[in-house]
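What follows is a single structure, written as structure tokens, with notes after it.
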Amino acid sequence: MLKNDFFYSQGTRVPLTKAKNVIAVKESAENEHTGRTEFMTTDRKAILVIPQYGIGIYEDGASRRNFTADNTVSDELPIFEQTAGDYMIATREFHTKFKPEVTESQINEMNQQFGVKIVEKLPYDDHLYRLEIIPGENKLGVVETANAYYESGETIESEPNFIRKKHVRDTTSNVILAEQANVTERSGSDYLPEQWHLVHTKVIDAWENAKGTGVTICIMDDGVETSHPEFQNRIVKQRDYSDPNLPNDGNPNLASDNHGTSVAGVAAAAGVKAYGAAPASQIIAIRSPDYLGVDAEAKMFDWAVSEGADVINCSWGPPDTSNPNTDWEYPLPLLVRAAIHNAATRGRNGKGVIICWAAGNGNQSMSTDQYAANPDVLAIAACTDSGERSSYSDFGNEVWISAPSNGGRRGILTTDRSGNKGYNQGTSSNDLQDSNYTGRFGGTSSASPLVAGIVGLMLSANSALTLQDVKGILARTADKIGDPVSYARETALGRHSDLYGYGRVNALNAVKEAKRLGSGI
């Protein structure tokens, strides 16, 4: 196997499949970050554009000489496929964590040997660098150079700074978006009576003790509609990681950016007509594009922590697939892992930011999904309105807890983009009359922010709770649902099920326990 046919992740060779029939071309540095939305050659149009990186993906067959940007020859980049149609582009950069005993002089010597320069020393961990190959001096290419650094014995890890596609834990497939909540429309009244998931998890009862005041929940997704009635004057910080011209705008940008607004509603809608679990909390809105580089992905977590996030919700991750080996083509990169660990150990003044992660919708083991299986996050599975596992929900030892979503008789009623922009298009007799809301949300995408909101209630009741306190309380206070036989594993926190984790989240019990610990009882 050639050294550019794989890369190393945590010491394991991850195979790379070269993308067929396409090439990736990057604009020259002088024309980078122009916000271009269309890339052209003399005879070809890009089939995919990643504008924030100045990259276009073209059908193969066109001569590289034809690719120009304002009369300046552009660079062709290595391009691979994660799964069919999902591309992974290698930039000139890679990330390396050197062993502690390696001196700065040795690092400089290695860089000179391979034609590499230091871009920056990264803050997430000691001895962690962002490096870049130097055109004309580097002879190997970025993938083989990163491999050579790892194989040198001087580093702990070394990985290319791939730009990759991320996937929301999808609520838009026909399978998961099939059912509509059975809603009785009441003119002028709210939708709370239809939000069965808040009843099943005792959220409404928990509001007697806490509503999320003083807590900030970060929704890291495809944007949150800041003008929505449920979020007005609630969004304290926002950022767009896809458009360099809109860094302080966390709103949806594309027609397909429907997911984050619904996710935010499950966690934190104010109760104008529908409620989130923590209706008095504040919100940080991060818009992330489909394609994002590893370094930017890490910076999202770092920025959220620096801006005061207490809870982060991530309803996205690797693609769901029936192939158990495919997720290894999309492992949790060194840099993102370090940023998440930094958030979980140093955030909230050392108490740790609580990161809720949707377990996935592939009806498969999540053991090779290094995002949701990361021990620094809480993996959230989905259950139905009848208290059974949602058939699509991923499973495994790493599931921490489950929360209601669709898959049974009813979906989740939450916020939607206004007008006909979101899931509620007003084209069906089953659609809600108010297009600011939808009753068709679901997937583990919905289960995860429900837990994130409940964690917000817990922290509102007792801000001194650490990440480990929160995990322990959720485990000890959950309701055991489903087949008791499934709770086969005994742990220090109780019996655990691969399907439900420690059970279905119980907000009332969790908030009461948080208050009890805060009182010193």
Near-ring test [Y]/[X], centroid separation under 6.0 angstrom:
X: His259; Y: Phe441; result: yes
X: Tyr371; Y: His167; result: no
X: Phe162; Y: Phe7; result: yes

Exam field: side chain [X] to backbone [Y], donor-acceptor pair closer than 3.5 Å:
X: Glu225; Y: Asn436; value: no
X: His95; Y: Pro333; value: no
X: Thr216; Y: Asp310; value: no
X: Glu388; Y: Gly482; value: no
X: Ser306; Y: Trp303; value: yes
X: Asp221; Y: Gly260; value: yes
X: Glu230; Y: Lys273; value: yes
X: Trp357; Y: Gly317; value: no
X: Lys512; Y: Asn509; value: no
X: Arg346; Y: Gly350; value: no

Are the side chains of [X] and [Y] in touch, meaning some heavy atoms are under 4.5 Å apart?
X: Glu159; Y: Val294; answer: no
X: Ile355; Y: Asp376; answer: no
X: Arg389; Y: Asn363; answer: yes
X: Leu493; Y: Tyr502; answer: yes
X: Ile219; Y: Ile286; answer: no
X: Val470; Y: Met458; answer: yes
X: Asp222; Y: Val263; answer: no
X: Ser405; Y: Tyr392; answer: yes

Spacing of [atom1] belonging to [X] relative to [atom2] belonging to [Y], to within rounding of 0.5 Å:
X: Glu157; Y: Asp125; atom1: CD; atom2: CG; answer: 9.5 Å
X: Asn506; Y: Arg476; atom1: CG; atom2: CZ; answer: 13.5 Å
X: Gln195; Y: Thr201; atom1: CD; atom2: OG1; answer: 10.5 Å
X: Tyr437; Y: Asp416; atom1: OH; atom2: CG; answer: 10.5 Å
X: Asn462; Y: Leu465; atom1: CG; atom2: CG; answer: 4.0 Å
X: Thr477; Y: Ile401; atom1: OG1; atom2: CD1; answer: 6.0 Å

Criterion side chain to side chain contact (heavy atoms under 4.5 Å, CB included) on Phe301 and Ile312, from CA distance to verdict: CA-CA 8 Å; Phe301 289 95; Ile312 296 174; 4.2 Å; yes
Mutual orientation of the aromatic rings belonging to His200 and Trp196 [parallel < 30°, tilted 30-60°, perpendicular > 60°]: perpendicular
Whether Trp207 and Tyr275 hold their rings parallel, tilted or perpendicular, with breakpoints at 30° and 60°: tilted
Verdict with reasoning, Ile283 to Gln238, per side chain to side chain contact (heavy atoms under 4.5 Å, CB included): CA-CA 9 Å; Ile283 300 168; Gln238 50 183 312; over 6 Å; no
Salt bridge (charged side-chain N to carboxylate O under 4.0 Å, His left out) contacts touching residues 479-506 (sequence neighbours left out): Glu490-Arg495
Any idea which heavy atoms bring [X] and [Y] closest together, and the distance?
X: Val14; Y: Pro331; result: CG2-CG, 4.3 Å
X: Gln52; Y: Pro289; result: NE2-CG, 3.3 Å
X: Tyr191; Y: Ala274; result: CB-CB, 4.4 Å
X: Gly347; Y: Val353; result: CA-CG2, 3.9 Å
X: Ala381; Y: Ser393; result: CB-OG, 3.4 Å
X: Ala358; Y: Ser315; result: CB-CA, 3.8 Å

When you compare the side chains of [X] and [Y], does any donor N or O come within less than 3.5 Å of an acceptor on the partner?
X: Arg337; Y: Asn342; value: no
X: Ser367; Y: Asp369; value: no
X: Asn424; Y: Ser435; value: no

Stepwise side chain to side chain contact (heavy atoms under 4.5 Å, CB included) check, Lys351 with Asp469: CA-CA 9 Å; Lys351 295 186 292 290; Asp469 290 335; over 6 Å; no
Side chain to side chain donor-acceptor pair (under 3.5 Å) partners for Gln10, two or more places apart: Gln370
From CA spacing to verdict: salt bridge (Lys or Arg N to Asp or Glu O under 4.0 Å), Asp249, Arg287: CA-CA 8 Å; Asp249 185 353; Arg287 181 179 182 272; over 6 Å; no
Trace of the salt bridge (Lys or Arg N to Asp or Glu O under 4.0 Å) decision for Arg130 with Glu120: CA-CA 5 Å; Arg130 182 153 64 103; Glu120 63 176 324; 2.7 Å; yes
Lys/Arg N to Asp/Glu carboxylate O, Glu297 vs Lys166, below 4.0 Å: no
Among Ile481, Leu499, Val505, the one residue meeting side-chain contact (heavy atoms from CB on, under 4.5 Å) with Cys383: Ile481
Lys471 atom NZ, neighbour heavy-atom count above 12 within 6.0 Å: yes
NE2 (His341) with more than 12 external heavy atoms under 6.0 Å: no
Pair Leu450-His197, side chain to side chain contact (heavy atoms under 4.5 Å, CB included): steps then yes or no: CA-CA 9 Å; Leu450 179 56; His197 59 288; 4.1 Å; yes
